[in-house]
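These notes concern the structure reproduced below.
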Amino acid sequence: MPLLRPADGLADVVTDAGALERTAAAFAAGSGPVAVDAERASGFRYSQRAYLVQLRRAGAGSALIDPIPLGSDLSALSPALTGPEWVLHAASQDLPCLAEVGLAPTSLFDTELAGRLAGLPRVGLGPMVEQLLGLGLEKGHGAADWSRRPLPEDWLVYAALDVEVLIELRDLLAGMLAEQGKSEFAAQEFEAVRTAAAPAPRAEPWRRTSGIHKVRKPRALAVVRALWEARDTLAAERDIAPGRVLPDAAIVDAAVNAPATPGALAAMPVFRGRSQRRLTSYWFAALERAAQLPAEELPRTTVPGDGPPPVARWSDRDPDAAARLSAARSALADLAEKWSIPVENLLLPDLLRRLCWTPPADGDVEGALAAGGARPWQITLTAPLLEKAVAAKA
């Protein structure tokens with residue numbers, strides 16, 4: 001059955017301090033968990049800020065809050081939302097932008113993660129709501145430009161419906177996890193998401209430029225780096241997604257073709273566009289910086305990783321390590337099937353590779369897993385199998 005309108009009607013968007021205070025009072029007087037969602041403009045803006053926050057709680061109804069006219073400060077809600085369990089879908093995506101506006105949970109339930117642990121084949125919100133609740137959610141606005149103002153009514157309906165189903169979905173999933181003996185697994189996973197530290201900045205983020213595999217020489221890689229950094233600076237200043245400032249393909253094209261003059265650069269595809277022609281001198285200055293770098297400051301063509309080599313090379317470099325990994329993967333695949341849990345949720349693939357490439361010298365597999373961030377339930381299930389696997393020989 002299609003879910004087309006919020007059950008209580010579409011709430012007015014909260015845009016001023018008085019309305020925010022009234023919302024906080026209503027949610028403080030509510031009961032049970034709080035459904036929480038946030039909308040960003042990832043493909044349109046440089047920042048990952050929240051442009052709409054949606055809440056729902058029994059006794060309080062639903063609230064749609066626009067953080068922008070409120071100075072991106074929703075901390076007035078914090079007392080009302082501190083204590084109750086938050087219910088989010090794919091919580092790790094929304095928690096950072098919610099923290100930016102002054103909101104953080106003291107406990108949470110992640111419906112996407114719960115679906116994975118429960119063994120559901122599809123864990124997107126729409127498919128889960130359809131499978132478990134028999135309802136059809138409207139699609140199509142998740143990747144929209146939520147920085148747009150005013151927000152269209154159909155977008156607001158979409159946003160309100162997302163939180164309208166979360167608490168009922170949470171209750172069904174909690175029941176499934178309890179029946180399967182996985183409630184404690186889920187609790188540990190939810191807490192790990194809630195308390196996760198922000199990821200460390202990438203050492204050389206420019207190396208993730210799409211198509212960089214076409215660039216092989218150090219000087220050309222320096223062009224990619226210079227253009228990427230120039231683009232990132234401009235994107236941050238204008239709060240525009242970097243790909244909308246200059247596509248990755250244009251950066252790689254300039255690195256491969258090495259235009260020698262501003263005119264040659266402006267004649268290239270993308271760079272010949274009206275908006276890019278105004279920036280010709282800006283982009284060409286980046287090319288000149290790369291051209292003038294001394295050889296010792298050029299980027300390396302390959303970057304040594306901090307982990308094991310690619311698995312395809314293991315058989316040649318360390319046959320015993322390849323045998324360990326093969327045995328471990330087979331054992332975890334059987335365990336995943338037994339528990340109906342995706343194998344990557346049993347143990348992070350990177351942690352498994354590190355363990356098999358360099359087993360602990362003291363044989364303490366449990367300690368190595370804990371040091372690598374595995375949760376207690378994962379260690380309990382996997383350590384006995386991995387202790388046998390790391391003893392495998394080619």
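Because the structure is a prediction, the values reported are computed rather than measured. All heavy atoms count here, side chains included; hydrogens, waters and symmetry mates do not.
For the atom pair CD (Glu189) and CZ (Arg194), the distance works out to 14.0 Å, reported to the nearest 0.5 Å. The distance from atom CG of Leu113 to atom CG of Leu117, rounded to the nearest 0.5 Å, is 5.0 Å. From Leu125, atom CG reaches atom CG of Leu88 across 11.0 Å, with rounding to the nearest 0.5 Å. Atom OG1 in Thr302 sits 10.0 Å away from atom CG in Leu221 (nearest 0.5 Å). Interatomic distance, CD of Gln48 versus CD of Glu100, reported as 8.5 Å (0.5 Å rounding). Taking CD of Glu164 as the reference point, atom CG of Leu169 lies at 13.0 Å (rounded to 0.5 Å).
Side-chain atoms of Ser330 never come within 3.5 Å of backbone atoms of Ala327 as a donor-acceptor pair (strictly under, hydrogens ignored). Judged by distance alone, the side chain of Gln276 and the main-chain N or O of Val245 form a donor-acceptor pair under 3.5 Å. Of the possible polar contacts, none joining the His89 side chain to the Val36 backbone as a donor-acceptor pair under 3.5 Å is found. With hydrogens and angles disregarded, a donor-acceptor distance shorter than 3.5 Å links the side chain of Arg219 to the backbone of Leu293. Judged by distance alone, with hydrogens and angles left aside, the side-chain atoms of Ser72 form no donor-acceptor pair with the main-chain N or O of Ile68 at under 3.5 Å. The closest donor-acceptor contact from the side chain of Tyr46 to the backbone of Leu234 lies at 3.5 Å or more, if one exists at all. Of the possible polar contacts, none joining the Glu85 side chain to the Gly32 backbone as a donor-acceptor pair under 3.5 Å is found. Counting only distance, with no hydrogens or angles, the side chain of Ser75 and the backbone of Gly102 share no donor-acceptor pair below 3.5 Å. A donor-acceptor pair is defined here as one N or O able to donate and one able to accept, closer than 3.5 Å; such a pair exists between the side chain of Trp86 and the backbone of Leu81.
Between Gln54 and Leu166 the shortest side-chain heavy-atom distance does not fall below 4.5 Å. Counting heavy atoms from C-beta outward, Arg148 and Phe44 have side chains that stay 4.5 Å or more apart. Residues Arg324 and Trp314 have side chains not in contact (no heavy-atom distance under 4.5 Å, counting atoms from C-beta outward). Side-chain contact between Ser340 and Lys182 is present, with heavy atoms from C-beta onward closer than 4.5 Å. For the pair Pro349 and Leu352, the minimum side-chain heavy-atom distance is 4.5 Å or more. Contact annotation: the side chain of Ile341 never approaches that of Leu335 to less than 4.5 Å [non-hydrogen atoms, C-beta and beyond]. Side-chain contact check for Val270 versus Leu246: some heavy-atom pair is nearer than 4.5 Å. At a threshold of 4.5 Å between non-hydrogen side-chain atoms, the residues Leu55 and Asp37 do not count as touching.
Of all non-hydrogen atoms in Ala368 and Pro360, the two that sit nearest each other are CB-CG, 4.1 Å. Here the closest heavy-atom approach between residue Val215 and residue Ala220 is recorded as CG1-CB, 3.4 Å. Contact between Gln378 and Ala374 at its shortest, heavy atoms only, is OE1-CA, 3.4 Å. In this structure, Leu98 and Ala38 approach most closely via the heavy-atom pair CD2-CB, 4.1 Å. Summarising the geometry of Asp364 relative to Gly367, their closest heavy-atom pair is OD1-N, 2.9 Å, with the distance given to 0.1 Å. What you find for Cys356 and Pro359 is that their closest heavy atoms are O-CD, 3.9 Å.
By the criterion of side-chain heavy atoms lying less than 4.5 angstrom apart, applied directly or through intervening Ile, Leu, Val, Met, Phe, Trp or Tyr residues, Ile240 is not grouped with Tyr51; the two fall into different hydrophobic clusters. Hydrophobic clustering of Ile, Leu, Val, Met, Phe, Trp and Tyr side chains at less than 4.5 Å, counting indirect connections, keeps Val223 apart from Leu298. Criterion: ILVMFWY side-chain heavy atoms under 4.5 Å apart, direct or through other members. Under it, Met176 and Ile167 are not part of a common hydrophobic cluster. Under the 4.5 Å side-chain contact rule for hydrophobic residues, Leu227 and Leu279 share a cluster.
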Audit row: Asp248, Arg208, salt bridge (Lys or Arg N to Asp or Glu O under 4.0 Å) steps and yes/no:
CA-CA 10 Å; Asp248 281 6; Arg208 293 176 62 82; over 6 Å; no
Decide ring pair (Phe, Tyr, Trp, His ring centres under 6.0 Å) for Phe185 and Trp339; before the verdict, give the C-alpha distance in whole Å, the side-chain angles of both, and the deciding distance to 0.1 Å.
CA-CA 11 Å; Phe185 300 178; Trp339 281 94; 5.3 Å; yes
Please report the C-alpha distance between Asp350 and Arg353 in whole Å, then the side-chain angles of each, then the deciding distance to 0.1 Å, and finally whether the side chain to side chain contact (heavy atoms under 4.5 Å, CB included) criterion is met.
CA-CA 5 Å; Asp350 180 66; Arg353 289 191 293 269; 3.8 Å; yes
One pair to check against side chain to side chain contact (heavy atoms under 4.5 Å, CB included): Arg225 and Arg207. What are the steps and the verdict?
CA-CA 8 Å; Arg225 180 174 65 187; Arg207 288 189 183 271; over 6 Å; no
Going through the distances and angles, do Leu325 and Val311 end up as a side chain to side chain contact (heavy atoms under 4.5 Å, CB included)?
CA-CA 9 Å; Leu325 183 61; Val311 172; 3.7 Å; yes
Side chain to side chain contact (heavy atoms under 4.5 Å, CB included) between Trp206 and Asp232, intermediate numbers included
CA-CA 9 Å; Trp206 60 271; Asp232 195 64; over 6 Å; no
Apply the test side-chain hydrogen bond (donor to acceptor under 3.5 Å, both in side chains) to residues Ser147 and Arg45: give CA-CA distance (whole Å), side-chain angles for both, the deciding distance (0.1 Å), then the verdict.
CA-CA 8 Å; Ser147 67; Arg45 297 292 180 178; 3.0 Å; yes
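Using a 4.0 Å cut-off between charged nitrogen and carboxylate oxygen, Asp334 and Lys338 do not count as a salt-bridge pair. Under a 4.0 Å N-O distance rule, the pair Asp8/Arg56 qualifies as a salt bridge. With salt bridges taken as basic N to acidic carboxylate O contacts below 4.0 Å, none links Arg116 and Asp110. A salt bridge does not link Asp318 with Arg313: every distance from a Lys NZ or Arg NE/NH1/NH2 to an Asp or Glu carboxylate oxygen is 4.0 Å or more.
The neighbour count for Asp12 CG, taken as heavy atoms of other residues, nucleotides or ligands under 6.0 Å away, does not exceed 12. Taking a 6.0 Å sphere around CZ of Arg317, one finds it holds 12 or fewer heavy atoms contributed by other residues, nucleotides or ligands. Enclosure of atom CD in Glu344 by more than 12 non-hydrogen atoms of other residues, nucleotides or ligands within 6.0 angstrom is indicated. The environment of Arg122 atom CZ is sparse: at most 12 non-hydrogen atoms of other residues, nucleotides or ligands sit within 6.0 angstrom.
Phe27 does not carry Arg57 over the face of its six-membered ring by the limits of under 6.0 Å from the centre and within 45° of the normal.
The aromatic rings of Phe109 and Phe190 sit tilted, their planes meeting at an angle between 30° and 60°.
Under the side-chain contact (heavy atoms from CB on, under 4.5 Å) rule, Leu135 has a single partner from Leu137, Leu132, Leu133, which is Leu133.
Judged purely by distance below 3.5 Å, without hydrogens or angles, the side chains of Arg49 and Ser47 pair a donor atom with an acceptor atom. A donor atom on one side chain and an acceptor atom on the other are found under 3.5 Å apart for Gln188 and Glu184. When only modelled atom types and interatomic distance are considered, Trp155 and Glu39 share no side-chain donor-acceptor pair under 3.5 Å.
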